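Worksheet for the structure shown next.
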Amino acid sequence: MTRPETSTSPHPQYAERSYRSPAALVGGALLILLGLWLGGDALLHGTVHTKLTAAFALLLVVPLVFAFSLRPLVRANEDRLLVRNPFRTITLPWAAVEDLRAHFSAEVFVNGGGKYQLWAVPVSLRQRKKATRQASRGAAADRPRFGLNADAGPVPKAMADQTLAEFREIKERATGRETAQGAPQIRWSYAVLAPSLVGAVGLVVMLVL
């Protein structure tokens with residue numbers, strides 16, 4: 001599931017929306033707290049070798065847990081789609097987006113053949129099967145109805161499918177808009193990569209010694 005967060009915008013019909021995974025946020029926060037508790041105990045009461053090993057382990061583990069759980073974010077507005085994955089931030093003007101699909105993972109395809117995974121929009125096969133069963137039961141129950149009862153309402157969708165449907169709608173509205181033109185931009189998250197690299201190298205050294 002994803003949690004949309006709506007922020008103010010000069011154009012309410014294209015209000016910027018942010019998407020995160022609540023389960024990943026909770027799980028990541030708990031893992032980081034657990035790691036800090038265990039690592040802190042080693043730093044306070046361990047030998048010099050143990051303290052150094054714990055410090056390098058924290059430098060490696062904490063940024064990686066943060067990157068895969070707390071960092072992922074997808075933000076959509078009237079001009080572009082911003083995808084913040086564990087190690088990269090990809091800014092995609094809507095004109096550069098070719099398609100959005102969700103099979104085993106949610107992905108955005110760009111003009112020219114590239115694609116990027118949407119880490120903040122997890123695909124739940126169980127949720128999708130549940131939505132399919134609900135849609136099937138609704139169709140069977142409403143098949144004999146006519147007149148005012150003929151409209152059974154919107155077809156149930158899994159959260160990932162619903163989110164991508166919203167993105168496609170925004171993309172269609174952005175077609176031809178001058179501010180939605182441009183090429184994809186990619187920025188690496190060195191704030192995650194640098195400490196993880198230092199921690200990995202230091203941990204290997206301490207384990208060898």
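For clarity, every value in this text was computed on a predicted model and none was experimentally measured.
Taking Ile, Leu, Val, Met, Phe, Trp and Tyr as members and joining any whose side-chain heavy atoms lie under 4.5 Å apart, directly or through other members, L33 forms no hydrophobic cluster with any other residue. Side-chain heavy-atom separations under 4.5 angstrom define the hydrophobic clusters, and the remaining members of the one that includes L30 are V26. Residue L82 is found outside any hydrophobic cluster, as its side-chain heavy atoms come under 4.5 Å of no other Ile, Leu, Val, Met, Phe, Trp or Tyr.
Counting heavy atoms from C-beta outward, R80 and L92 have side chains that stay 4.5 Å or more apart. L73 has its side chain within reach of S18: a pair of non-hydrogen atoms, C-beta onward, lies under 4.5 Å apart. Proximity of F66 to I32: side-chain heavy atoms (C-beta onward) are separated by under 4.5 Å at one or more points.
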(request) Before giving the answer on side chain to side chain contact (heavy atoms under 4.5 Å, CB included), spell out for V108 and V97 the whole-Å C-alpha distance, their side-chain angles and the decisive distance to 0.1 Å. (result) CA-CA 7 Å; V108 55; V97 176; 3.8 Å; yes

(request) Just do the side chain to side chain contact (heavy atoms under 4.5 Å, CB included) check on I170 and L81 with the steps written out, would you? (result) CA-CA 10 Å; I170 299 174; L81 182 72; over 6 Å; no

(request) Would you check, one step at a time, whether the test side chain to side chain contact (heavy atoms under 4.5 Å, CB included) holds for R20 with R84? (result) CA-CA 10 Å; R20 292 178 180 269; R84 197 169 72 191; 3.0 Å; yes

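Minimum heavy-atom separation, A102 to V123: CB-CG2, 4.0 Å. Scanning all heavy atoms of the two residues, the minimum distance from A174 to A180 falls at O-CB, 3.9 Å. When all heavy atoms of P72 and A67 are compared, the pair lying nearest together is CD-O, 3.2 Å. The minimum heavy-atom distance linking L43 with L58 is given by the pair CD1-CD1, 4.0 Å.
Under the side chain to side chain donor-acceptor pair (under 3.5 Å) criterion, T179 pairs with D79, sequence neighbours left out. Looking at residues two or more places apart in sequence or on another chain, you find no side-chain contact (heavy atoms from CB on, under 4.5 Å) involving T175. Residues satisfying the ring-ring contact (aromatic ring centres under 6.0 Å, His included) criterion with F109, sequence neighbours excluded, are absent altogether. Scanning for salt bridge (charged side-chain N to carboxylate O under 4.0 Å, His left out) contacts around R75 gives E16, with sequence neighbours left out.
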Please tabulate, one pair per line, all N/O donor-acceptor pairs under 3.5 Å involving side-chain atoms of residues 110-122, not counting sequence neighbours.
{"residue": "N111", "atom": "ND2", "partner": "A95", "partner atom": "O", "Å": "2.8"}

Could you list the donor-acceptor pairs under 3.5 angstrom formed by side chains in residues 183-206, with sequence neighbours left out?
{"residue": "S196", "atom": "OG", "partner": "V192", "partner atom": "O", "Å": "2.8"}

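Remark: the backbone N or O of L64 is not paired with any side-chain donor or acceptor of R71 at under 3.5 angstrom.
Residue pairs meeting the salt bridge (Lys or Arg N to Asp or Glu O under 4.0 Å) criterion with at least one partner in residues 88-99, sequence neighbours excluded, are D99-R101. Residue pairs meeting the ring pair (Phe, Tyr, Trp, His ring centres under 6.0 Å) criterion with at least one partner in residues 23-55, sequence neighbours excluded, are absent. The stretch residues 161-181 participates, sequence neighbours left out, in these ring pair (Phe, Tyr, Trp, His ring centres under 6.0 Å) pairs: Y19-F167.
Counted by atom type alone, T53 and T50 present zero donor-acceptor pairs between their side chains at under 3.5 Å.
A salt bridge links R173 with E169; the closest basic N to acidic carboxylate O contact falls under 4.0 Å.
There is no path of hydrophobic side-chain contacts, each under 4.5 Å, that joins L34 to L44. Note on L59: it clusters hydrophobically with L207, by side-chain heavy-atom contacts below 4.5 Å among ILVMFWY residues.
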